[in-house]
Amino acid sequence: MASFTNPMAAPRSSGPATLAWAFVERQTNLWKRYWAWELVWLVYGVVNTLAITFIAKEVEQAGIAGARDANDLVLFLLLGTLVWAYLSAVLDDISLVVTWERWEGTIEHTLMAPVPRWVHLVGMSVFGVLHAIVRTLLIFAIALPFFAVDFSQADWVAAAAVIAVGSLSIAGLGILAGVLPLLYPERGTQMSFMVQAVVLLISGVYYSVEVLPGWLQVFSYASPATYILDGIRGAIIGGDSVGEMAGTLGILALFGVLLVPFSVFVFAVAERWAKRTGKLKRQG
Amino acid sequence: MSRSFGPDSPETSREAEMEQQALRVTNLNKYFGGGFQYRKLVSWCLPVTANPPAVAHVLQDVSFEVGRGEVFGLIGANGSGKSTLVRVLSTLLLPDSGSVEVFGHDVVSAAGSVRALINRVSADPSFFRNMSAYENLLFFGRIYGLTPGEIRVLVPDVLRRLGFAEELAAEQMNHLSRGQQQKVAVARSFLTSPVMMLLDEPTTGLDPRSRRDVQRFIRDVQRDHDATILLTTHDMEEAEVLCDRISFIAGGRIVASGTPLALRERVARGRPVEEIDMEDVFMELTGHDLEEDEAPAEVAAHG
Ligand SMILES: Nc1ncnc2c1ncn2[C@@H]1O[C@H](COP(=O)(O)OP(=O)(O)OP(=O)(O)O)[C@@H](O)[C@H]1O
Ligand SMILES: [Mg+2]
């Protein structure tokens with residue numbers, strides 16, 4: 001039986017998975033309490049998806065493109081907004097890891113717990129991904145009836161593979177963006193939103209990256225989101241199978257394998273710096 | 001050179017001694033401020049007019065030891081460096097020089113081991129305010145490796161001993177009074193059975209009755225479970241009731257240490273010790289009034 005306070009008790013040994021899951025559970029509890037915000041984001045997501053996808057309808061009505069091309073554009077934009085809804089939800093959740101706890105005032109108690117930082121960040125990332133999947137599927141389900149899109153050629157398995165592999169690198173980006181609030185308690189959160197805005201610009205969410213000026217395209221190829229969008233469009237519009245997508249998946253896997261450890265490392269360095277300079281928290 | 005590792009060898013006795021010392025702080029220094037001067041980078045277009053930022057020397061050569069099972073009190077005015085010291089012990093601030101060992105583990109190089117041994121109560125309760133008290137305890141217990149099952153068993157017991165009505169555990173944190181929140185904060189840290197407890201003004205803001213509840217709880221835990229406690233407070237009475245040994249801290253320095261009785265004797269000069277007010281002892285030994293805020297010593301620069 002568990003007995004209260006047995007000081008020299010054998011060290012408890014919850015494995016990393018259990019410890020990481022504690023963060024998922026906590027975020028879920030928080031999410032339930034902030035359901036009104038979830039509703040706001042859902043409505044915003046749906047409206048955004050509709051508003052942008054209707055541009056394709058306008059293109060058709062104004063005679064800029066024929067019905068066939070316009071239908072292709074509907075699907076192109078719909079996928080763009082949905083993927084972006086997903087990516088931005090993951091980035092938001094992960095990059096707010098420090099901001100959120102600072103705002104609640106819990107940051108010191110969370111950071112002094114005997115949880116390796118990578119386990120903590122993995123827990124936050126897992127929640128971010130699950131949360132984003134739920135939200136995006138809801139947006140998808142609500143927005144779909146507004147358009148007559150044809151998914152007969154779509155390879156859903158390949159699309160799921162792109163999301164699965166691609167989420168790794170997005171988690172890495174989120175952790176990197178989450179370092180900023182650690183370094184800059186006052187304005188770091190604003191900075192991480194700017195990182196997100198830049199990813200939106202360079203990754204070809206609402207257009208192909210080829211339309212960007214050459215110097216900007218260089219950055220497009222450094223953004224994993226570019227390959228995720230490419231992959232998803234390839235799978236759903238072009239019907240590419242996992243095998244045909246090996247190249248894209250390989251690049252995404254490489255991004256993930258490099259970015260995740262790198263971002264955790266950068267986070268650890270920033271945490272050390274914050275602890276040296278007293279930037280974690282000051283009151284009390 | 002050959003070494004013997006027999007029972008009386010210096011190595012083993014040192015180990016045994018380390019076992020006894022719960023906390024060993026040696027020449028600890030902490031500075032705040034200064035930092036990197038961005039303006040220097042752009043001095044070719046922006047004149048560097050601002051003076052270099054002042055550096056505050058917040059902990060100055062602090063050294064002390066706390067034995068296992070001891071309750072050690074740290075008393076000082078606002079701004080004297082108590083919380084800074086507690087943060088260094090909690091691995092939340094890195095020392096600029098000197099060393100801190102918790103049961104032989106260094107707070108910098110073995111932070112992970114230290115974290116598993118300690119927990120802390122801070123003056124502000126710091127919870128996820130929209131989650132219930134129970135959900136908060138669940139999370140903070142789980143990240144110390146407790147299972148939900150263990151937490152379910154422990155929480156009612158700890159809350160009862162603190163005089164906290166169990167039904168309130170389902171309430172959202174921000175619906176609880178400040179005193180109730182503070183009790184949940186105390187529960188959170190004792191839940192994880194820390195070997196060393198860092199209590200940073202644990203009873204600040206509590207009414208007299210809650211204050212006694214918390215003090216009794218601390219005494220019980222310490223007596224029954226061999227926990228080592230470091231307590232910071234403004235409250236002399238609390239320090240005398242709870243602490244085996246006390247240190248006065250002023251301007252980031254430890255100015256005097258000893259048992260409450262020994263400290264009284266130091267200023268007694270023939271008077272009967274019972275008649276001496278502890279506040280006066282503080283005043284005489286530190287040259288400060290406990291009620292008076294302190295500003296840390298500023299130094300021009302540090303390397
Ligand atoms: N993170 C920080 N950055 C810069 N200065 C800090 C920081 N933390 C503390 N200080 C400064 O260090 C000094 C000591 O602060 P500290 O919080 O340790 O005092 P304290 O003894 O706990 O006071 P109180 O009784 O009010 O809690 C203060 O002058 C404070 O302004
Ligand atoms: Mg303090």
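Sequence lines set the chain letters: A, B, ... in the order given, protein chains first and strands last, and positions in each chain run from 1.
- Both the backbone and the side chain of A/Phe23 come within contact range of chain B, judged by heavy atoms closer than 4.5 Å.
- For A/Thr277, the part lying near chain B is the backbone, with the side chain staying farther off; criterion is any non-hydrogen pair under 4.5 Å.
- With a 4.5 angstrom heavy-atom cutoff, B/Leu138 touches chain A only via side-chain atoms.
- If you check the side chains of B/His234 and B/Asn78, you find a donor sitting under 3.5 Å from an acceptor.
- A/Trp103 and A/Trp100 have perpendicular rings, their planes meeting at more than 60° on a 0 to 90° scale where under 30° would count as parallel.
- A donor-acceptor contact closer than 3.5 angstrom links the side chains of A/Thr99 and A/Thr189.
- Around the CZ atom of A/Phe140, the shell of radius 6.0 Å holds more than 12 heavy atoms that belong to other residues, nucleotides or ligands.
- Only the backbone of B/Pro95 comes within contact range of chain A, with heavy atoms under 4.5 Å apart.
- Of all the listed residues (A/Arg272, A/Glu101, A/Lys275, A/Glu271), the one sharing the greatest number of non-hydrogen pairs under 4.5 Å with chain B is A/Lys275.
- Chain A forms more heavy-atom pairs under 4.5 Å with one residue of B/Met196, B/Arg129, B/Met173, B/Lys82 than with any other, namely B/Arg129.
- For the options B/Thr147, B/Leu92, B/Thr228, B/Leu93, heavy-atom pairs under 4.5 Å to chain A are most numerous at B/Leu92.
- Ranked by heavy-atom pairs shorter than 4.5 Å toward chain A, the options B/Phe32, B/Phe139, B/Phe127 are led by B/Phe139.
- Looking only at side-chain heavy atoms (C-beta outward), B/Leu117 and B/Val195 come within less than 4.5 Å of each other.
- Contacts between B/Ser132 and chain A at a heavy-atom distance below 4.5 Å involve backbone atoms as well as side-chain atoms.
- Salt-bridge annotation for B/Arg142 and A/Glu25: present, with a side-chain N of the basic residue lying under 4.0 Å from a carboxylate O of the acidic one.
- By the ring pair (Phe, Tyr, Trp, His ring centres under 6.0 Å) test, A/Tyr86 pairs with no residue at all, sequence neighbours left out.
- Looking at B/Asn119, both its backbone and its side chain come within 4.5 Å of chain A, counting heavy atoms on both sides.
- In this structure, A/Phe219 CZ and A/Ile202 CD1 are separated by 7.5 Å, a value rounded to the nearest 0.5 Å.
- Looking at B/Phe128, the atoms closer than 4.5 Å to chain A (heavy atoms on both sides) sit in the backbone and in the side chain alike.
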